[in-house]
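First up is the structure itself, then whatever we jot down about it.
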Amino acid sequence: PKLTRRQCFQRGVSQLKQSKKQSKMAHKKTAEQHLKAGTYRPDRHQKLVDTTGNLTELPEPPFALNEVARAIYQDEGGQLVAMGILKPTDVRLLATYANEMAVYVEQMEAAQNEGIVIVLDNGIACTSASRKTAESALKNALAIADKIGVSMIGRSRLGIKTEVQAPTRK
């Protein structure tokens, strides 16, 4: 049967609509992808992140940490386990966060000892290398903290509700 121009046009439009719908479905992000990208919004992404498989106790770090990093790992990791939000896949990120925070602490101590601003022999003042390293480590640590829910902002972006306790006064 021969199609009229109108029938050809209508058939083409319906096929075009179908292909657009399929391409939108293929590129739609999952809730997990939104969480990792930091674009998760509970009001838009109804499906919550799977909370099964959360750790009940903090495992050993996946790689060697110095004393400062180990203390940070145990402190922050213990808090995340107590809140019930630490997953086995986040342990490596937690250890990396602890390592970056340890670099920040050590480099800030070094910068305070040598001076934040150093005056060179030619009279030019510049920021010490220790301070720049500390700033870089802090930037890395804060980015990781948002991904694993260490910070309050990170938890709100991930859609994690935690109980806020009022501070106790002594």
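Computed from a predicted model, the values in this text were never measured in an experiment.
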A side-chain contact here means heavy atoms from C-beta on lying under 4.5 Å apart; do [X] and [Y] qualify?
{"X": "Tyr104", "Y": "Val68", "answer": "no"}
{"X": "Gln79", "Y": "Glu76", "answer": "yes"}
{"X": "Asp90", "Y": "Leu80", "answer": "no"}

Just verifying a value: how many Å separate [X] [atom1] and [Y] [atom2], rounded to the nearest 0.5 Å?
{"X": "Glu67", "Y": "Arg70", "atom1": "CD", "atom2": "CZ", "value": "10.0 Å"}
{"X": "Leu86", "Y": "Asn54", "atom1": "CG", "atom2": "CG", "value": "7.5 Å"}
{"X": "Met101", "Y": "Asp75", "atom1": "CE", "atom2": "CG", "value": "10.5 Å"}
{"X": "Leu94", "Y": "Lys87", "atom1": "CG", "atom2": "NZ", "value": "15.0 Å"}
{"X": "Asn113", "Y": "Met108", "atom1": "CG", "atom2": "CE", "value": "11.0 Å"}

For [X] versus [Y], what's the shortest heavy-atom pair and its separation?
{"X": "Ala137", "Y": "Glu100", "value": "CA-OE1, 3.3 Å"}
{"X": "Ala102", "Y": "Ile72", "value": "N-CD1, 3.9 Å"}
{"X": "Ala98", "Y": "Tyr73", "value": "CB-N, 3.7 Å"}
{"X": "Val81", "Y": "Leu55", "value": "CG1-O, 3.8 Å"}
{"X": "Ala69", "Y": "Asn66", "value": "N-OD1, 2.8 Å"}
{"X": "Ala95", "Y": "Leu65", "value": "O-CD2, 3.9 Å"}

Are any of the side-chain nitrogens in Glu135 or Arg131 under 4.0 Å away from the carboxylate oxygens of its partner?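 Salt bridge flag = yes for Arg131 with Glu135.
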Would Val103 end up clustered with Phe63 when hydrophobic side chains under 4.5 Å apart are linked, directly or stepwise?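 Each belongs to a different hydrophobic cluster.
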Kindly say whether Lys132 contributes a backbone atom to a donor-acceptor pair with the side chain of Ser136 at under 3.5 angstrom?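 No, Ser136 side chain to Lys132 backbone: no donor-acceptor pair under 3.5 Å.
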Neighbour count >12 (heavy atoms, 6.0 Å) for atom CG, Asn122: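 It does: Asn122 CG has more than 12 such atoms within range.
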